[in-house]
Protein chains: 2
Amino acid sequence: MARAGGKRSVETSGSPGSAQTRAALVEAAVATLREVGFAGASAREIAGRAGCNQALIFYHFGSVAKLHLAALDAVSATRNVRYQAMVEESENLGDLVRAARTVFDEDLDQGHVTVLVEMIAAAQFTPELRPEVAARIRPWRTFAADSVRDALAGSPAARLLPPEELAHAIVALYLGLEMLANLEGEREPALALFDRAGKVASLLDIFKRKKKS
Amino acid sequence: MARAGGKRSVETSGSPGSAQTRAALVEAAVATLREVGFAGASAREIAGRAGCNQALIFYHFGSVAKLHLAALDAVSATRNVRYQAMVEESENLGDLVRAARTVFDEDLDQGHVTVLVEMIAAAQFTPELRPEVAARIRPWRTFAADSVRDALAGSPAARLLPPEELAHAIVALYLGLEMLANLEGEREPALALFDRAGKVASLLDIFKRKKKS
DNA sequence: GTCTATACTTGGATAGAC
DNA sequence: GTCTATCCAAGTATAGAC
């Protein structure tokens, strides 16, 4: 899958260890963004973690910024499968919120969202980064909207809160909660919020069930 | 007020143009953080905007980071009076949400929240900055909690959503909406959300009125 | 208090050997 | 494809003249 064309900036035909070092660099870039943030994710720092030379970043990706974007793609991909699974295994809104709590906890542990937040904050003032990052964040909004639409189908709440609007709020809230949790070093307020939302969601589920029967 | 002691790092007694340049530097730091972000807010860049020399930053503040914090203090102060006024002039929840929409719009125009977001994102990985920024963000949570408690007093919603928890969500949401709005260059989704919240708030106000009569 | 000059460090990026 | 060596730009911070 990573071999299918169109993404590589230099090589065209597959080469020996090329794919390996590319992968190592991307993984190292993710780890670096997560652990020392965007400001600390320099070419030298990333290459050091990848165990290879700094110059290779420019050979393989053309610039550090492009490697940063590749890192963003990588976490987006893994998050995507996780979120997708989360939605599929949830039967009602209450399930979904409880699953989301678990995923949020995981994301915090593994620093996935930190990478997003760092990239978004940095993209704000990096002209060539902004549209790229925006394009990589947008799918989350549509994904959230689809999930919400699905989970809210037949619920009275759907009229009060259109899925698209609610989805936007959810994505923003998720990012904001992550920022605050990392800043304060405590995630309890955020988790309590998920618990609270879970209770409200369960209430909505009951209304929905009553309506159906 | 800015003359009251304890804040200056070098001077102890007041000096000629000192206070002026200090103020100019703080204002320039705010503008720089707003316009080119944390990464671009270097000593040279800020000094250039303040129309004075780079070395003065170290003389007056000791380090660039401390000037950044002073900038954060400055926007916090102005935002505080604005938010306070907003809460005081609102009679019910619906009023409050509508006022918040206006303030959000202003904040976006003038980039106040951008400064917060940049500092929060940067503080994540700057050990000496993190506790300082955290201490400056915390008041917003308590302020929001107080306002929500006040506005929700006597409303049936207060039992479903405790003020402290709701306040945390509001602060996180505010930051997240700001990030997304700046990233995408469009604030409509966020404003639509405020409008939606306004309608729900008005409903709650009606319930509350009914209960009272 | 403010400026000039400068020491020191780090980072992006390229050239060229292997 | 990978490494060494290097250039150049930009940043923090300090010393010392005014």
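Within every chain, numbering begins at 1; the chains are lettered A, B, ... in the order of the sequence lines, protein sequences first and strands thereafter.
- Between the CG atom of B:Leu56 and the P atom of D:dA15 there is a distance of 16 Å, rounded to whole Å.
- Put simply, the side chain of A:Val75 does not reach to within 4.5 Å of the side chain of A:Val113, judged on heavy atoms.
- The CD-P distance, from B:Gln20 to C:dG1, rounds to 12 Å in whole Å.
- Between A:Ile46 atom CD1 and C:dG12 atom C1' there is a gap of 12 Å when expressed in whole angstrom units.
- Atom-to-atom, CD1 of B:Ile57 to C1' of C:dT2 comes out at 13 Å; the value is rounded to the nearest Å.
- The number of heavy atoms from other shown groups lying within 6.0 Å of CD (B:Glu91) does not exceed 12.
- In this structure, of D:dT2, D:dA5, D:dA13, it is D:dA5 that holds the atom nearest to the side chain of A:Gln54.
- In this entry the distance linking CG of B:Leu25 with P of C:dG1 reads 13 Å, nearest Å.
- Between B:Phe38 atom CZ and D:dG11 atom P the separation is 13 Å, expressed in whole Å.
- Proximity note for B:Asn53 (side chain, C-beta onward) versus C:dG12, C:dT4, D:dG1: the nearest is C:dT4.
- A side-chain donor from one of B:Asp107 and B:Tyr83 sits under 3.5 Å from a side-chain acceptor of the other.
- When each of A:Glu45 and A:Ala55 is assigned the nucleotide of DNA chain C with its nearest heavy atom, A:Glu45 is the one assigned upstream, toward the 5' end.
- Between the CZ atom of B:Phe58 and the P atom of C:dA5 there is a distance of 18 Å, given to the nearest Å.
- Taking atom NZ on A:Lys66 and atom C1' on C:dA13, their separation rounds to 12 Å, with Å as the unit.
- For A:Thr21, a side-chain nitrogen or oxygen approaches OP1 or OP2 of D:dT2 to under 4.0 Å.
- Pairing each heavy atom of A:Ser147 with each of A:Val87, the nearest pair is OG-CG2, 3.5 Å.
- If you find the closest nucleotide of DNA chain D to A:Cys52 and to A:Arg44, the one lying nearer the 5' end belongs to A:Cys52.
- Ion pairing of A:Arg138 with B:Glu184 is present here, as a side-chain N (NZ or NE/NH1/NH2) and a carboxylate O approach within less than 4.0 Å.
- Contact annotation: A:Ser18 reaches the phosphate of D:dG1 (side-chain N/O to OP1 or OP2, under 4.0 Å).
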